[in-house]
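Since the structure comes first, as structure tokens, the remarks are kept for the end.
As the structure lists them, so they are numbered: ligands from 1, and atoms in each ligand from 1.
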Amino acid sequence: MQTYRLALIGFGNVGQGFAEILRDRSADLAQRFDVQFQIVAVSTKRRGSVYDARGLDLAALLSAVTAPGGLESLPVQQRGWDPLRLIRESNAEVVVEVSPTDLQTAEPALSHVRAALEAGKHVVTANKGPVALAYAELAALARARGKTLGVEGTVMGGTPVLRLGQELLSAAGIHQMQGILNGTTNYILTQMENGATYAAALAEAQARGYAEADPTADVEGYDVAGKVVILANLFLGAGLTPAQVDRQGITQLTPDDIAAARAAGERWKLIGRVERQGGQLAASVRPTRLPLAHPLAGVSGAGNALTFSTDLLGDVTLAGAGAGRVETGYAILGDLLALHRQTRG
Ligand code: HSE
């Protein structure tokens with residue numbers, strides 16, 4: 001049995017969702033894949049930081065994070081270490097970066113990822129900032145150190161769209177991608193079609209753990225712009241930045257707009273798109289009215305979908321969960337299992 005020791009930087013929805021998966025499925029993972037993932041360190045901004053070289057108890061960790069004393073009420077070897085110290089000095093072999101995304105500076109996640117790779121640790125992250133703003137640099141650093149950089153959770157949560165593109169479609173000639181890439185806004189639009197107000201639908205999306213820490217990123221289209229840049233970085237080899245994406249969110253859509261689309265047999269969706277046009281890339285995020293028969297029109301709630309347009313296969317579309325605690329937590333597990341397959345050879 002191979003054991004991987006993990007340090008979690010951030011322990012919000014995604015980190016907790018991942019810990020819940022490990023708590024519930026460790027025996028199955030051990031039996032089916034001969035692998036054990038052991039969380040040895042967790043760092044949070046407001047709920048404390050803990051490290052125990054022998055491993056942390058998952059059930060205790062999950063109760064403590066929401067209890068009055070926070071994580072530091074746990075009986076562990078070390079408390080209060082800052083993220084960089086945990087990254088450099090803990091015995092973790094893999095750093096799981098799941099702190100909140102900042103699409104303007106990518107920090108502090110960018111420093112965490114750099115420090116981890118420089119310290120010779122593998123990195124798995126669902127944080128969009130470093131992957132949107134510094135993917136080329138980080139991928140080169142990972143290659144130079146012989147470490148992996150897993151980023152599946154940055155687009156479409158645990159639905160394995162990046163792995164599909166990287167491992168199975170990269171030779172097919174991807175020249176355009178378009179899809180629904182934000183669970184929060186798709187949930188809001190679906191709820192508004194069903195008669196809910198914008199405010200109530202947004203509050204519900206926050207309660208369900210779909211929204212970013214600051215939901216402006218979702219509703220104004222910044223989150224999708226970041227994901228479009230990630231897709232461009234991974235599949236079109238581009239130096240696109242989020243600021244270059246022609247972006248509009250859903251905040252200007254009114255209940256009347258939604259009713260008018262419905263009366264015309266159409267539906268509003270927030271569509272992210274990036275394509276090669278000559279030697280250039282064109283990228284956009286726009287609320288778009290789609291006929292109900294369009295493949296993306298049927299994607300509802302927090303669902304996401306992405307269509308790859310390729311030279312050899314035409315269009316290939318993948319649909320599935322795009323946000324949510326366990327749904328994104330699963331992306332972390334997917335990247336860890338890929339690391340395990342690679343290590344085992
Ligand atoms: N806030 C994001 C969304 C989370 O709603 O899609 C997943 O990236």
Side-chain angles (χ1 to χ4, degrees), residues 10-18 96-104 106 109 124-133 135 150-163 177-192 196 198 201-234 242 245 247 249-251 253 268-273 285-287 296 299-306 318-335:
F11 201 50
N13 281 316
V14 179
Q16 290 175 44
F18 170 61
V96 177
E97 218 298 341
V98 283
S99 71
T101 289
D102 181 322
L103 278 169
Q104 258 151 20
V124 170
T125 186
N127 195 311
K128 289 156 273 195
V131 188
L133 299 179
Y135 182 70
V151 301
E152 184 63 68
T154 59
V155 180
M156 281 180 70
T159 305
V161 71
L162 302 184
R163 185 149 285 116
M177 288 157 280
Q178 99 165 344
I180 295 171
L181 298 171
N182 182 268
T184 301
T185 47
N186 206 53
Y187 183 81
I188 293 173
L189 292 174
T190 304
Q191 293 298 92
M192 285 177 78
Y198 171 85
L202 172 57
E204 183 75 8
Q206 288 178 293
R208 289 169 177 246
Y210 304 149
E212 296 302 293
D214 175 358
T216 311
D218 296 296
V219 297
E220 296 293 1
Y222 294 105
D223 176 74
V224 180
K227 289 167 175 163
V228 159
V229 171
I230 292 171
L231 293 172
N233 284 345
L234 266 65
V245 179
R247 174 196 50 79
I250 63 160
T251 50
L253 284 184
W268 286 99
K269 292 292 176 193
L270 185 64
I271 301 295
R273 179 186 172 101
V285 178
R286 295 229 154 264
L296 297 178
V299 175
S300 64
N304 279 194
L306 184 73
L318 180 65
R325 211 176 145 90
V326 167
E327 293 86 342
T328 310
Y330 181 75
I332 306 298
L333 179 61
D335 278 340

Next on the checklist: Please determine whether the number of non-hydrogen atoms from other residues, nucleotides or ligands lying under 6.0 Å from atom OH of Y222 exceeds 12.
Outcome noted: no

Which of the numbered atoms in ligand 1 are under 4.0 angstrom from any heavy atom belonging to [X]?
| X | answer |
| --- | --- |
| D218 | 1 (N), 2 (C), 3 (C), 5 (O) |
| G322 | 6 (O), 7 (C) |
| Y210 | 1 (N), 2 (C), 3 (C), 4 (C), 5 (O) |
| N182 | 2 (C), 3 (C), 5 (O), 6 (O) |
| K128 | 2 (C), 4 (C), 7 (C), 8 (O) |
| E212 | 1 (N), 2 (C), 4 (C) |

Item to check | Beyond-backbone contact of N304 with V299, side-chain heavy atoms, under 4.5 angstrom | outcome: no

Item to check | Validation row: M156, L181 side chains within 4.5 angstrom (heavy atoms) | outcome: yes

Checklist entry - Is it the side chain (CB and beyond), the backbone, both or neither of A211 that lies under 4.0 Å from ligand 1, heavy atoms counted? => result backbone

Item to check | side chain to side chain contact (heavy atoms under 4.5 Å, CB included) between L253 and W268, worked out | outcome: CA-CA 9 Å; L253 284 184; W268 286 99; 3.8 Å; yes

Checklist entry - Of the protein's non-hydrogen atoms, which lies at the shortest distance from atom 6 (O) of ligand 1, and what is that distance? => result G183 N, 2.7 Å

Item to check | Nearest-neighbour protein heavy atom for atom 5 (O) of ligand 1, which is reported as residue plus atom name and distance | outcome: T184 OG1, 2.6 Å

Checklist entry - For the atom pair OH (Y187) and OG (S300), what is the distance rounded to the nearest 0.5 Å? => result 10.5 Å

Checklist entry - Do N304 and ligand 1 have an N or O pair less than 3.5 Å apart? => result no

Checklist entry - Can M156 be said to touch ligand 1, with heavy atoms closer than 4.0 Å? => result no

Checklist entry - Does any N or O in the side chain of E152 come within less than 3.5 Å of the main-chain N or O of V161, such that one atom is a donor and the other an acceptor? => result yes

Checklist outcome for this item: Closest non-hydrogen atoms of G183 and A323, given as atom of the first, atom of the second and distance, are CA-CB, 4.3 Å

Checklist entry - Any side-chain donor-acceptor pair under 3.5 Å between D214 and T216? => result yes

